[in-house]
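Note sheet for the following structure.
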Amino acid sequence: MSEKTIKIGLCGFGIVGQGVYSHLTGKQAFLREQLGATLEVARIAVRDLQKPRDVAVSSSLLTTDPMSIAEDSEIDILCELMGGTGLALDVTLAALRSGKVVVTANKALLCDHGAEVFTAAAEGGGHVLFEASVAGGIPVIKAINEGLIINDFTSIYGILNGTCNYILTRMTNEGLSYEEILKEAKELGYAEADESLDVDGIDATHKAVILAYLAHGRWVPFKDVLVQGITAVKQDDIAFAQENEYAIKLIAVIDRIHSNEKLYVSVFPTLVSKGYSLGNVDGVFNAISIHGDVVGQTVYVGPGAGRDATASAVIADIVDAAKHLIYGGSERRFPFLDPAPSNGETIELAEPSDIHSRYYVRLLVMDQPGVMAEIASVLASREVSLASISQKEVGGNATKASLFITTHKTSEQAIFDAMNDLEALASVEEKPFCMPIGAFKE
Ligand code: NAP
Ligand code: HSE
């Protein structure tokens, strides 16, 4: 009997696409031994045929028409590695409707169109695999879908964006400017084509929405997630964190609160104790702490972005898909076609008034009599209780000062209201910066 060949179409041959190609072809013999079949990259779609590439491929494989790969009956597995939510969605839906397996790293697409994509897969007989869409090389989707299948997920905390963690770590360790580090993160292939997706917290939110769906069966609309990126974090905040044994991390929280009645999803820069498992996860690494009612806490750490880490996750999905195509098996081999809690869509989303935390606040104020009293009065009027306050002169002429405040536990709504009131004061010189002080379940 002749050996089966599984044909793969790569839509996208950028950072991730080239990584997938080079590892798939470099380890083809090993994969053949594992699968008893050959994995062949048969077609590749790019935008620009003339662009110089790090990885050489025969020009006969290339096309500028990704849809032609989706419609090619010879292709078994389509890898959507272009990004975006326009053409990427059309290509994904077309491939799924024709019964192909789609492997995607595109978290924006799943966050915005996950329900539509999974419906197309179910109706068209296709499958969608997306391990690389969350936390790069960490197999966290497999962990939730398979290894932790018996658990209800009470809390998930994650460092989900490699670029932001890389920037925050180097700002902390080397005192470098944000712009300098972002440029390097782009050169290293960590950042999105549009880096504002990273630094504004949008990419981490896409991933948090996917994790919330996997854990709770509900697609939380992006607009209902409270999101703040890292662009307002300054060296002053980093100094405060270090002096107080914290690290600043962009943390996604997916929490069931009020005896599991409500679901809370947010992404904020957060003061994380260095003693907590996520507090020492640095550089491009991601980490996810998952609390299951049966297992307790499990923590996953690994490279969260970049060519090789992402290729590792994409290839794991390709191999799973190949096994399915070679050996067959029930639809339930792919658990996401049978989302965990079937009542997910009825879970109520938490409001800011449901959430309570301690907060850190930095203010730039006029350094003159009465300002401190005015600020204390605003906080008191919103029932925000001060835990500590310190002041640092700004510049040499003592006309301005930075104030660093920590609060006792207060509601998210109260702190948001207080921030708006403070911003409106004539003595407050710039938009106040505020972040939660993490209190994580261990
Ligand atoms: P990238 O380097 O910008 O590569 C995108 C590729 O898609 C390029 O080869 C580009 O062609 C091709 N492309 C874009 N629009 C196209 C179109 N209209 N027609 C044909 N080809 C088109 O991006 P990437 O970093 O590899 O990311 C790809 C996906 O993986 C994104 O969804 C991203 O969010 C996700 N992801 C990335 C990482 C990471 O660390 N980079 C990690 C996890 C997930 P040209 O090369 O000709 O421009
Ligand atoms: N830009 C993303 C990050 C890539 O930095 O985490 C991995 O999803």
Side-chain angles (χ1 to χ4, degrees), residues 9-21 43-55 57 61-70 78-92 102-113 130-138 140-141 158-169 181-182 184-208 210 229-230 250 252 267 283-288 302-314 317:
L10 298 182
C11 292
F13 202 59
I15 303 288
V16 182
Q18 292 182 79
V20 170
Y21 181 89
R43 297 190 63 191
I44 300 174
V46 294
R47 197 168 20 202
D48 177 0
L49 291 172
Q50 309 311 323
K51 197 175 189 173
R53 313 266 165 199
D54 295 335
V55 175
V57 283
L61 297 185
L62 297 177
T63 172
T64 53
D65 181 9
M67 191 56 90
S68 70
I69 299 185
L78 180 146
C79 295
E80 189 285 290
L81 306 171
M82 297 185 291
T85 56
L87 182 61
L89 176 64
D90 296 341
V91 166
T92 298
V102 173
V103 172
T104 183
N106 191 337
K107 47 271 162 142
L109 179 75
L110 292 173
C111 172
D112 291 356
H113 300 284
F130 49 99
E131 186 61 72
S133 67
V134 180
I138 305 173
V140 66
I141 290 177
I159 297 173
L160 300 180
N161 184 273
T163 302
C164 288
N165 208 36
Y166 179 78
I167 291 174
L168 291 170
T169 302
I181 311 166
L182 177 58
E184 281 185 40
K186 282 187 83 79
E187 285 162 7
L188 289 163
Y190 301 158
E192 297 299 304
D194 170 3
E195 70 265 17
S196 67
L197 294 174
D198 296 295
V199 296
D200 290 339
I202 297 166
D203 176 77
T205 305
H206 291 152
K207 294 163 177 169
I210 295 170
I230 62 162
L250 185 69
V267 172
V284 73
F285 273 45
N286 283 187
I288 305 111
R307 188 188 105 136
D308 295 333
T310 313
S312 169
V314 171
D317 279 348

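Predicted model only: the values in this text are computed from it and were never measured. Each ligand, and each atom within it, is numbered from 1 in the order the structure gives.
Residue-to-ligand polar distances keep Thr64 apart from ligand 1: every N/O pair is separated by 3.5 Å or more. Between Ala191 and ligand 2, not a single N/O pair is under 3.5 Å apart. Distances between N or O atoms of Ser133 and those of ligand 2 include no value under 3.5 Å. For ligand 1, the polar-atom distance check against Val16 finds a nitrogen or oxygen pair separated by under 3.5 Å. Residue-to-ligand polar distances keep Gly17 apart from ligand 1: every N/O pair is separated by 3.5 Å or more. For a threshold of 3.5 Å applied to N or O pairs, the pair formed by Gly189 and ligand 1 contains at least one separation below that value. The distance criterion of under 3.5 Å between nitrogen or oxygen atoms is met by Tyr190 with respect to ligand 2. For ligand 1, none of its N or O atoms has an N or O atom of Leu87 under 3.5 Å away.
Note that CG of Asn165 and CD1 of Ile159 are 4.5 Å apart. Values are rounded to the nearest 0.5 Å. Taking CZ from Arg53 and CG from Leu62, the interatomic distance works out to 7.0 Å, rounded to the nearest 0.5 Å. Note that the OH atom of Tyr21 and the CG atom of Leu61 stand 6.0 Å from one another [nearest 0.5 Å]. Taking SG of Cys111 as the reference point, atom NZ of Lys207 lies at 12.0 Å (rounded to 0.5 Å). In this structure, OG1 on Thr92 lies 4.5 Å from CD on Glu80, to the nearest 0.5 angstrom. For the atom pair CD1 (Ile210) and CD1 (Ile141), the distance works out to 6.0 Å, reported to the nearest 0.5 Å.
At a 4.0 Å heavy-atom cut-off, ligand 1 does not touch Arg307 at all. Counting heavy atoms closer than 4.0 Å to ligand 1, residue Ala132 contributes backbone atoms (N, CA, C, O) but none from C-beta onward. Contacts between Lys51 and ligand 1, counted as non-hydrogen atom pairs separated by less than 4.0 Å, involve the side chain only. With a heavy-atom cut-off of 4.0 Å, Asn106 touches ligand 1 through backbone and side chain alike. Under 4.0 Å from ligand 2, the heavy atoms of Asp203 that appear belong solely to its side chain.
Scanning the protein for heavy atoms near atom 31 (C) of ligand 1, the closest one is Gly83 CA, 3.6 Å. Scanning all protein heavy atoms for the shortest distance to atom 5 (O) of ligand 2 gives Thr163 OG1, 2.6 Å. Shortest contact from atom 2 (C) of ligand 2 to any protein heavy atom: Glu192 OE2, 3.2 Å. Counting only heavy atoms of the protein, atom 30 (O) of ligand 1 lies nearest to Ala105 CB, 3.5 Å. Protein heavy atom closest to atom 3 (O) of ligand 1, with residue, atom name and distance, is Ala193 CB, 4.3 Å. Atom 34 (O) of ligand 1 has its closest protein heavy atom at Glu192 OE1, 2.6 Å. With respect to atom 28 (C) of ligand 1, the closest heavy atom belonging to the protein is Leu81 O, 3.2 Å. Distance from atom 14 (C) of ligand 1 to its nearest protein heavy atom, with residue and atom name: Arg47 CZ, 3.6 Å. In this structure, atom 7 (C) of ligand 2 lies nearest to the protein heavy atom Gly304 O, 3.3 Å. If you check which protein heavy atom lies closest to atom 42 (C) of ligand 1, you get Thr310 OG1, 3.1 Å. With hydrogens left out, the protein atom closest to atom 4 (O) of ligand 1 is Gly14 CA, 3.3 Å, a heavy atom.
For ligand 1, the atoms lying closer than 4.0 Å to a non-hydrogen atom of Ala305 are 40 (O). Under a 4.0 Å criterion applied to the non-hydrogen atoms of Phe13, ligand 1 contributes the atoms 6 (C), 8 (C), 9 (O). For ligand 2, the atoms sitting less than 4.0 Å from at least one non-hydrogen atom of Asp198 are 1 (N), 2 (C), 3 (C), 5 (O), numbered in the order shown with element in parentheses. Per-residue contacts place Gly306 under 4.0 angstrom from the following atoms of ligand 1 (heavy atoms of the residue considered): 39 (C), 40 (O). Heavy-atom proximity to Asn161, at under 4.0 Å, picks out these atoms of ligand 2: 2 (C), 3 (C), 5 (O), 6 (O). Taking a cut-off of under 4.0 Å to the non-hydrogen atoms of Lys207, the atoms of ligand 2 that pass are 2 (C), 3 (C), 6 (O), 7 (C), 8 (O). Atoms of ligand 1 found under 4.0 Å from any heavy atom of Arg53, numbered from 1 in the order shown, are 9 (O), 45 (P), 46 (O), 47 (O). Every atom of ligand 2 with a heavy atom of Lys107 under 4.0 Å away is listed here by number and element: 2 (C), 4 (C), 7 (C), 8 (O). Interface atoms of ligand 2 facing Gly162, defined by a heavy-atom separation under 4.0 Å, are 3 (C), 5 (O), 6 (O).
Between Val314 and Cys79 the shortest heavy-atom distance is CG1-SG, 4.4 Å. Across all their heavy atoms, Ala88 and Asn106 have their closest contact at CB-ND2, 3.7 Å. Val267 approaches Ala208 most closely through the heavy-atom pair CG2-CB, 4.5 Å. In terms of heavy atoms, Ala313 sits closest to Gly136 at CB-O, 3.3 Å. Considering all non-hydrogen atoms of both residues, Gly19 and Arg307 come closest at CA-CG, 3.6 Å. For Ala135 against Val140, the heavy-atom pair with the smallest separation is CB-CG1, 4.2 Å.
Put simply, atom 23 (O) of ligand 1 has no protein non-hydrogen atoms near it, under 4.0 Å away.
Scanning Lys207, Glu131, Lys107, Met82 for the heavy atom closest to atom 7 (O) of ligand 1 points to Met82.
With hydrogens and angles ignored, the 3.5 Å screen pairs no side-chain donor or acceptor of Asp198 with any backbone N or O of Cys164. Asp200 places no side-chain N or O within donor-acceptor distance of the main-chain N or O of Ile202, the cut-off being under 3.5 Å. With hydrogens and angles ignored, the 3.5 Å screen pairs a side-chain donor or acceptor of Gln18 with a backbone N or O of Val55.
No option in Leu197, Ile15, Asn161, Thr163 other than Leu197 meets the side chain to side chain contact (heavy atoms under 4.5 Å, CB included) test with Glu192.
Under a 4.0 Å heavy-atom criterion, Gln18 is not in contact with ligand 1. Residue contacts with ligand 1 include Pro66, since one of its heavy atoms falls under 4.0 Å from the ligand.
Using modelled atom types and a 3.5 Å distance limit, the side chains of Asp65 and Thr63 yield no donor-acceptor pair.
Under the 4.5 Å side-chain criterion, counting only non-hydrogen atoms from C-beta, Val134 is not in contact with Lys107. Looking only at side-chain heavy atoms (C-beta outward), Met82 and Leu87 come within less than 4.5 Å of each other. Looking only at side-chain heavy atoms (C-beta outward), Leu188 and Tyr166 come within less than 4.5 Å of each other. Side chains of Lys51 and Phe13 form no contact here, defined as non-hydrogen atoms less than 4.5 Å apart.
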